[in-house]
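For reference, the structure is listed below as structure tokens.
FYI, the numbering just counts along the sequence from 1.
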Amino acid sequence: MTKIQNWLSAFRLRTLFLAAAGVLLASGLAWHEGHFSATTFALALALAVSIQILSNLANDLGDYQKGTDTTGKRQGPTRAVQSGKISPRQMKTAIGIFIGIVAAIGLTLVLYSAEHYTQSSVFILLGIGLICILSALFYTIGKYAYGYVGWGDFFAFLFFGPVAVIGTYFLHIHSFDFQPVLPSVGLGFISAMILNVNNMRDIENDRASGKITVASKLGLKNAKIYHTLLTFGMFTCFLQYSYMYAPSPWYRYLYVIVFLFQFYILTQVHKKKGRELDPYLKLTSMAGLLLAVVFIICINI
């Protein structure tokens with residue numbers, strides 16, 4: 001592989017679908033309320049993708065430093081630092097560059113519409129941006145990495161769901177209301193589902209390396225029950241939004257067709273284990289993006 005291919009592999013492009021889904025979903029909800037800014041959409045999308053790449057690079061380095069990738073039991077694709085294709089020093093440099101990129105885009109995004117916010121709102125938005133950077137870094141990096149003590153699912157839910165969707169919606173609308181809450185929770189459940197598939201796949205490796213995840217604590221059988229609850233919770237959130245804010249005409253519910261794809265993924269997850277689960281990471285992420293796209297089309301027609 002060339003150096004460019006090595007870095008693209010480290011970026012883990014298949015994980016970017018959900019990052020895009022949050023911005024698309026929030027922007028579609030804002031459009032439904034009569035507010036949409038193309039500039040805000042473009043900047044928010046660039047920010048979401050950059051934060052996800054930063055998180056992926058930090059996770060690659062953090063897992064390597066903690067020995068999670070070197071137990072010999074990992075079932076997922078070989079990581080960049082683990083394989084030696086990218087050195088720890090090079091990865092640290094790349095992480096530093098992406099911190100700068102994320103900070104620059106985030107600052108531009110907030111200042112672009114700063115005139116519409118109170119001073120306290122500006123500081124809150126900047127504070128949320130800083131917390132997002134820190135959460136991307138300390139999922140696996142550091143002595144108290146939260147991804148190693150069972151908090152990964154919660155923070156994946158929080159930052160890819162409510163923070164991403166409600167935050168982007170606020171940047172469009174310039175005020176807060178309840179409309180984005182249910183869809184944001186639904187997308188957060190999808191994010192937790194993606195991480196749960198990952199953790200079910202690597203459940204033995206995580207136990208061997210001392211990494212605590214919801215899946216490793218529950219065991220494979222119960223982790224699949226947990227996955228089922230997340231899936232049906234997601235269904236409920238989107239349907240409840242439609243009932244409350246876009247109940248008619250009937251074709252605004254056509255997005256439920258995507259639920260069939262997600263239900264298919266759920267049935268397959270229940271049948272698989274170990275390396276067999278790996279393809280369903282990408283499929284679950286793609287299903288989240290597909291749902292966001294079809295959902296926002298349906299509520300806006």
Side-chain angles (χ1 to χ4, degrees), residues 16-49 109 112-113 116-117 121 125 128 156-194 227-266 283-301:
L16 302 184
F17 294 114
L18 194 66
V23 176
L24 286 167
L25 180 59
S27 300
L29 291 166
W31 195 333
H32 182 254
E33 298 305 312
H35 299 272
F36 176 81
S37 165
T39 301
T40 296
F41 170 76
L43 287 171
L45 183 61
L47 179 62
V49 169
L109 179 59
Y112 169 71
S113 300
H116 298 288
Y117 312 132
S121 295
L125 288 170
I128 291 172
F157 161 82
L158 181 65
F159 285 102
F160 283 99
V163 171
V165 177
I166 297 174
T168 304
Y169 180 88
F170 180 86
L171 290 166
H172 281 291
I173 299 289
H174 308 137
S175 63
F176 174 79
D177 51 48
F178 189 75
Q179 276 87 331
V181 172
L182 287 169
S184 77
V185 171
L187 192 66
F189 284 154
I190 295 175
S191 178
M193 288 156 59
I194 293 170
H227 200 85
T228 302
L229 294 174
L230 290 173
T231 302
F232 282 93
M234 176 269 297
F235 293 165
T236 301
C237 287
F238 282 96
L239 288 170
Q240 185 63 30
Y241 171 89
S242 293
Y243 176 76
M244 294 173 64
Y245 300 110
S248 61
W250 65 268
Y251 50 75
R252 285 187 167 179
Y253 287 91
L254 284 176
Y255 65 86
V256 299
I257 294 172
V258 182
F259 289 174
L260 298 177
F261 180 33
Q262 291 165 321
F263 187 73
Y264 164 77
I265 294 172
L266 176 63
L283 288 177
T284 304
S285 184
M286 290 177 62
L289 176 60
L290 180 62
L291 176 60
V293 171
V294 178
F295 175 78
I296 63 176
I297 291 173
C298 287
I299 67 171
N300 283 292
I301 57 177

| field | Minimum-distance pair of heavy atoms, taken over all atoms of Leu187 and Gly22 | value | CD2-CA, 3.3 Å

| For the student: nearest non-hydrogen atoms of Pro180 and Leu29, plus distance | CA-CD1, 3.9 Å

| Quick one: does Ile257's side chain get under 4.5 Å of Val294's, heavy atoms only? | no

| message | What's the separation between atom NE2 in His174 and atom OG1 in Thr40, rounded to the nearest 0.5 Å? | response | 6.0 Å

| task | For the pair Phe259 and Tyr255, name the ring-plane relationship: parallel under 30°, tilted 30 to 60°, perpendicular over 60°. | result | perpendicular

| remark: On a heavy-atom basis, the closest approach of Ile194 and Ser285 is CD1-CA, 3.6 Å

| query | Which value, rounded to the nearest 0.5 Å, describes the distance between Phe41 atom CZ and Leu45 atom CG? | reply | 5.0 Å

| said: I need the minimum non-hydrogen distance between Gly288 and Ala21, along with the two atoms involved. | reply: O-CB, 4.0 Å

| note | So OG1 of Thr231 and CZ of Phe263: to nearest 0.5 Å the spacing works out to 9.5 Å

| field | Expected output: side-chain Ser113 to main-chain His116 donor-acceptor under 3.5 Å | value | no

| request: Report the C-alpha separation of Val181 and Tyr241 in whole Å, then their side-chain angles, then the decisive distance to 0.1 Å, and conclude whether the side chain to side chain contact (heavy atoms under 4.5 Å, CB included) test is met. | output: CA-CA 9 Å; Val181 172; Tyr241 171 89; over 6 Å; no

| said: Which heavy atom of Pro183 sits nearest to which heavy atom of Leu25, and what is that distance? | reply: O-CD2, 3.7 Å

| Are the aromatic rings of Phe235 and Phe232 close, with centres under 6.0 Å apart? | yes

| task | Any chance you could lay out the side chain to side chain donor-acceptor pair (under 3.5 Å) test for Tyr169 and Ser184, step after step, and finish with the verdict? | result | CA-CA 10 Å; Tyr169 180 88; Ser184 77; over 6 Å; no

| With side chains defined as the heavy atoms from C-beta onward, is the minimum distance between Met234 and Gln262 less than 4.5 Å? | yes

| said: Please give me the minimum heavy-atom distance between Ala164 and Phe160, naming the atom from each residue. | reply: CB-O, 3.8 Å

| message | Could you tell me if the side chain of Ile128 sits less than 4.5 Å from the side chain of Phe159, heavy atoms only? | response | no

| How about Ile296 and Trp31: do any of their side-chain heavy atoms sit closer than 4.5 Å? | no

| said: Is it the case that the side chain of Arg252 and the backbone of Pro247 share a donor-acceptor pair, with hydrogens and angles ignored and the cut-off at 3.5 Å? | reply: no

| query | Do Val185 and Phe157 come within less than 4.5 Å of each other through their side chains, counting heavy atoms only? | reply | yes

| What's the spacing between Leu254 CG and Ile297 CD1 if we round to 0.5 Å? | 11.0 Å

| task | Measure up the Phe36 and His172 rings against each other and bin them: parallel (under 30°), tilted (30 to 60°), perpendicular (over 60°). | result | parallel

| request: Output yes when a side-chain donor or acceptor of Ser191 lies under 3.5 Å from a complementary backbone atom of Ala156, and no otherwise. | output: yes

| query | Got Ile299 and Phe238 here, is their nearest side-chain heavy-atom distance under 4.5 Å? | reply | no

| field | Non-hydrogen side-chain atoms of Leu182 and Met244 separated by less than 4.5 Å | value | yes

| task | Side-chain contact test, heavy atoms from C-beta onward, threshold under 4.5 Å: evaluate it for Leu229 versus Phe189 and give yes or no. | result | no

